[in-house]
Amino acid sequence: MKLFVYHTPELTPTSTVPDCAIAIDVLRATSTIATALHAGAEAVEAFSDLDKLMQVSANWPADKRLRAGERGGAQVEGYDMGNSPLDCTPEKVTGRRLFISTTNGTRALQCIQAAPVVLAAALINRDAVVRYIMGQQPATIWTVGSGWEGSFSLEDTVCAGAIFAALLKATGATAGEMAGNDEAIAALALYHQWQDDLLGLMHHASHGQRLLRLNIHEDLKYCAQTDILDVVPIQKQPGVLAKN
Ligand code: MLT
């Protein structure tokens with residue numbers, strides 16, 4: 001297995017696909033997707049474009065859908081919810097499809113949707129994703145961070161490093177044997193530096209600070225936890241993720 005880490009959709013190759021591609025948006029789209037599916041959502045359908053989301057979701061029964069829209073960290077007016085994983089309670093999401101559009105995370109999913117296996121990972125479901133990978137043994141794996149409008153995000157890269165660390169532990173391989181690019185080694189080093197204070201790292205992260213300015217403290221605490229959800233969001237058709 002070779003792991004390639006890409007910090008943003010913009011830095012991700014477009015001329016080829018890996019055997020398994022993993023979108024990461026710790027703050028907060030992939031944390032929300034994992035939480036919604038774990039809480040019983042029928043599926044999550046991701047859109048980079050808000051108008052397209054409205055069009056497609058209009059064909060879905062109103063009592064079986066939830067529209068989640070986020071821009072700049074805040075809920076988009078007219079949507080049922082924003083992008084808080086803490087809103088994804090079983091009472092709210094069970095049996096419903098979550099139609100979601102976020103500033104960066106849904107773009108990351110879109111840029112890898114041609115890969116044969118597409119997963120969504122965050123710190124909260126890292127272990128479940130790693131166990132899935134160990135069962136499948138894909139030869140090439142990409143992690144694609146969402147970043148923020150084209151720029152690097154600490155929280156996405158630390159999650160890529162957390163996945164890498166767990167894969168190394170599970171396989172017994174060395175970092176040199178498994179790393180597909182320099183970014184993978186850098187992500188691992190970032191994780192080793194911050195693994196005992198992931199919430200502290202999120203307080204340094206520019207998007208963490210943006211959310212704190214919006215008084216969204218609880219989401220940071222929730223998203224900084226590791227391995228709390230046994231759920232693997234996997235793409236069933238382009239843009240549609242369900243529980244594996
Ligand atoms: C994004 O897609 O950029 C994020 O998920 C933003 C957020 O925190 O809602």
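Numbers here simply count residues along the sequence, with the first being 1. Note that ligands are numbered from 1 as they come in the structure, with each ligand's atoms numbered from 1 the same way.
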Asker: Does ligand 1 have a heavy atom under 4.0 Å from the side chain of R28, from its backbone, from both, or from neither?
Answerer: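 Both the backbone and the side chain of R28 come within reach of ligand 1.
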Asker: When you look at D19 and T140, which way does the side-chain hydrogen bond (donor to acceptor under 3.5 Å, both in side chains) test go after all the steps?
Answerer: CA-CA 5 Å; D19 298 311; T140 51; 3.1 Å; yes
Asker: Which residue and non-hydrogen atom of the protein lie closest to atom 3 (O) of ligand 1, and at what distance in Å?
Answerer: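 I find the closest protein heavy atom is N104 ND2, 2.7 Å.
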Asker: So V130 and I163, do their side chains get closer than 4.5 Å, heavy atoms only?
Answerer: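 In short, these two side chains touch, coming nearer than 4.5 Å.
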Asker: Check if H207 has a non-hydrogen atom at a distance under 4.0 Å from any atom of ligand 1.
Answerer: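 The answer is yes, since H207 has a heavy atom less than 4.0 Å from ligand 1.
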Asker: Run the numbers for me: atoms of ligand 1, each under 4.0 Å from some heavy atom of A29, listed by number.
Answerer: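 Heavy-atom distances to A29 below 4.0 Å select 5 (O).
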Asker: Determine, step by step, whether R67 and S57 satisfy the side-chain hydrogen bond (donor to acceptor under 3.5 Å, both in side chains) criterion, reporting the C-alpha distance in whole Å, the side-chain angles of both residues, the deciding distance to 0.1 Å, and the verdict.
Answerer: CA-CA 8 Å; R67 289 164 165 159; S57 60; 2.8 Å; yes
Asker: With sequence neighbours left out, which residue pairs that include part of residues 116-134 fulfil the side chain to side chain donor-acceptor pair (under 3.5 Å) condition?
Answerer: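 For residues 116-134: R126-D227, D127-R131, R131-D230.
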Asker: Is T102 touching ligand 1 with its side chain, its backbone, both, or neither, if touching means heavy atoms under 4.0 Å apart?
Answerer: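 Both backbone and side chain.
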Asker: Consider every N or O of G105 and every N or O of ligand 1, then say whether any pair is closer than 3.5 Å.
Answerer: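 In this structure, G105 places an N or O atom under 3.5 Å from an N or O of ligand 1.
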Asker: Considering only residues two or more places apart or on different chains, which pairs with a residue in residues 94-123 satisfy side chain to side chain donor-acceptor pair (under 3.5 Å)?
Answerer: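 Sorted result for residues 94-123: E10-R107, E42-R97, E45-R97, S48-Q110, E70-T103, R71-S101, N104-R107.
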